Amino acid sequence: MNRDVIVACDFKDRAATMAFLDKFHEEKPFVKIGMELFYGEGPDIVREIKARGHKIFLDLKLHDIPNTVNKAMKNLGRLGVDMTNVHAAGTIDMMRAALEGLREGSAGQEAMLIAVTQLTSTSQERMQRELLINATMEETVAHYARNTKEAGLHGVVCSPLEAAIVKGACGRDFVTVTPGIRYPDGQLGDQSRVMTPAKARETGTEFIVVGRPITQAEDVVAAYRRVCGDFLG
């Protein structure tokens, strides 16, 4: 599978999002639409960005009972997204129900379905103290990834620090999508497990998700090209 850079369009509304995308003329970045934008603007924001020619990762991280997730995924599939996700903690049955719903909604144009292992804002100490997960971060991510593969999903969201571990547990063809991408000269923000684009490439990950290093750059197009150059080669 070809690698790609996904730009996190974590903007508050349509106007800010379109102002950002209008700066790109030659490129059509693969974009991530998250909760803030989707809940503020609704499904039409997905349709509009798709109509502009962008691939879309709809990042809503569904986590509910299998029947509810199945029905929700049918609706998301009808939007024509290229990638969407659930929480792996929702169990294998929930992930299978999500995949079934997404396939039905996509009507033959199947989107990629991935599962979140542990958020890149979660440290091992917090995971163990607050979530009562006593295994190490590496063991937990690998276990969630194996459950995701058993459910039939395409891959997982994980920190770039765990991408190689996931590949080892599930095989090279199992997709990893890795947020937590930062440069040494940038701020970490709310991320705790991070890596540069060049280092992420070495892990074998197929997709990196990059937000503020691009969206808050003085020249967003130049910043996007820098990330692409470092990750894609």
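Treat the numbers as computed from the prediction; the structure is a model and nothing was measured. Note: hydrogens, waters and symmetry copies are ignored here, and every other heavy atom, side chains too, is used.
Phe207 does not carry Arg3 over the face of its six-membered ring by the limits of under 6.0 Å from the centre and within 45° of the normal.
Side chain of Glu206 to main chain of Val175: no donor-acceptor pair is present (N/O by atom type, distance under 3.5 Å, no hydrogens or angles). At distances below 3.5 Å, not a single donor-acceptor pair connects side-chain atoms of His154 with backbone N or O atoms of Ile114. Side chain of Thr203 to backbone of Ala164: no donor-acceptor contact under 3.5 angstrom is found. Thr68 places no side-chain N or O within 3.5 Å of a backbone atom of Asp64 that could act as its donor or acceptor partner. Side-chain atoms of Thr122 never come within 3.5 Å of backbone atoms of Gln118 as a donor-acceptor pair (strictly under, hydrogens ignored). Between the side chain of Lys149 and the main chain of Cys170, a donor-acceptor pair closer than 3.5 Å is present. Side-chain atoms of Arg78 do not come within 3.5 Å of backbone N or O of Gly105 as any donor-acceptor pair. Looking at Asn85, its side chain never comes within 3.5 Å of a backbone N or O of Asp59 through a donor-acceptor pair. Remark: the backbone N or O of Leu58 is paired with a side-chain donor or acceptor of Thr84 at under 3.5 angstrom. Between the side chain of Asn70 and the backbone N or O of Ala97 there is at least one donor-acceptor pair closer than 3.5 Å.
Criterion: ILVMFWY side-chain heavy atoms under 4.5 Å apart, direct or through other members. Under it, Ile165 and Val156 are not part of a common hydrophobic cluster. Following chains of ILVMFWY side-chain contacts shorter than 4.5 Å, one can reach Ile33 starting from Met35, so the two form part of one hydrophobic cluster. The cluster map of Ile, Leu, Val, Met, Phe, Trp and Tyr, joined by side-chain heavy atoms under 4.5 Å apart, puts Leu132 and Met137 in different clusters.
Nearest heavy atoms, Val141 versus Cys158: CG1-CB, 4.2 Å. What you find for Tyr224 and Val5 is that their closest heavy atoms are CE1-CG1, 4.2 Å. Smallest separation of non-hydrogen atoms from Lys167 and Phe174: NZ-O, 2.7 Å. Across all non-hydrogen atoms, the minimal contact from Pro29 to Val7 is CB-CG2, 3.9 Å. When every heavy atom of Ala200 is checked against every heavy atom of Thr205, the shortest pair comes out as O-CG2, 3.4 Å. The shortest non-hydrogen separation linking Ala8 to Val209 is CB-CG1, 4.0 Å.
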| For Phe231 and Val210, what are the C-alpha separation, side-chain angles and deciding distance, and is it a side-chain contact (heavy atoms from CB on, under 4.5 Å)? | CA-CA 11 Å; Phe231 181 64; Val210 187; over 6 Å; no
| side-chain contact (heavy atoms from CB on, under 4.5 Å) between Leu232 and Asn2, intermediate numbers included | CA-CA 9 Å; Leu232 303 177; Asn2 293 331; over 6 Å; no
| Leu62/Leu76 under side-chain contact (heavy atoms from CB on, under 4.5 Å): CA gap, chis, key distance, verdict | CA-CA 11 Å; Leu62 301 191; Leu76 298 186; 4.2 Å; yes
| request: In sequence, state the C-alpha distance, the side-chain angles, and the governing distance for Glu41 and Asp13, and then conclude on side-chain contact (heavy atoms from CB on, under 4.5 Å). | output: CA-CA 7 Å; Glu41 298 291 344; Asp13 55 26; 3.3 Å; yes
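Remark: Arg14 does not engage Asp44 in a salt bridge, criterion side-chain N to carboxylate O under 4.0 Å. A salt bridge links Lys74 with Glu104: the distance from a Lys NZ or Arg NE/NH1/NH2 to an Asp or Glu carboxylate oxygen falls below 4.0 Å. Electrostatic pairing of Lys50 and Asp82 counts as a salt bridge here, judged by a charged N lying under 4.0 Å from a carboxylate O.
Each of Val177, Asp4, Asp230, Thr178 was compared with Ile208 under the side chain to side chain contact (heavy atoms under 4.5 Å, CB included) criterion, and only Thr178 meets it.
Atom CE of residue Met112 and atom CZ of residue Phe57 lie 10.5 Å apart, to the nearest 0.5 angstrom. To the nearest 0.5 Å, the span separating CD on Glu139 from CD on Gln124 amounts to 8.5 Å. Note that CG of Asp10 and CG of Leu37 are 8.5 Å apart. Values are rounded to the nearest 0.5 Å. Summarising the geometry, atom NZ belonging to Lys199 is positioned 11.5 Å from atom CG belonging to Leu161; distances are rounded to the nearest 0.5 Å. How far CZ of Arg201 is from CE of Met195: 14.5 Å, rounded to the nearest 0.5 Å. The OG1 atom of Thr140 sits 8.5 Å away from atom NE2 of His143, with the distance rounded to the nearest 0.5 Å.
At a threshold of 4.5 Å between non-hydrogen side-chain atoms, the residues Lys71 and Asn67 count as touching. Counting heavy atoms from C-beta on, the side chains of Thr196 and Pro184 come closer than 4.5 Å. Between Glu150 and Arg96 the shortest side-chain heavy-atom distance falls below 4.5 Å. Side chains of Val86 and Met73 form a contact here, defined as non-hydrogen atoms less than 4.5 Å apart. With contacts defined as side-chain heavy-atom distances shorter than 4.5 Å, the pair Val221/Glu27 qualifies.
Aromatic pair Phe11/Phe20: centroids less than 6.0 angstrom apart.
The environment of CG in Asn75 is crowded: more than 12 heavy-atom neighbours from other residues, nucleotides or ligands sit within 6.0 Å. With a 6.0 Å radius and a threshold of 12 heavy atoms from other residues, nucleotides or ligands, Lys12 has its NZ atom at or below the threshold. The environment of CZ in Arg52 is crowded: more than 12 heavy-atom neighbours from other residues, nucleotides or ligands sit within 6.0 Å. Heavy-atom contacts from other residues, nucleotides or ligands closer than 6.0 Å to NE2 of His63 number more than 12. Enclosure of atom NZ in Lys55 is not indicated, since only 12 or fewer non-hydrogen atoms of other residues, nucleotides or ligands lie within 6.0 angstrom.
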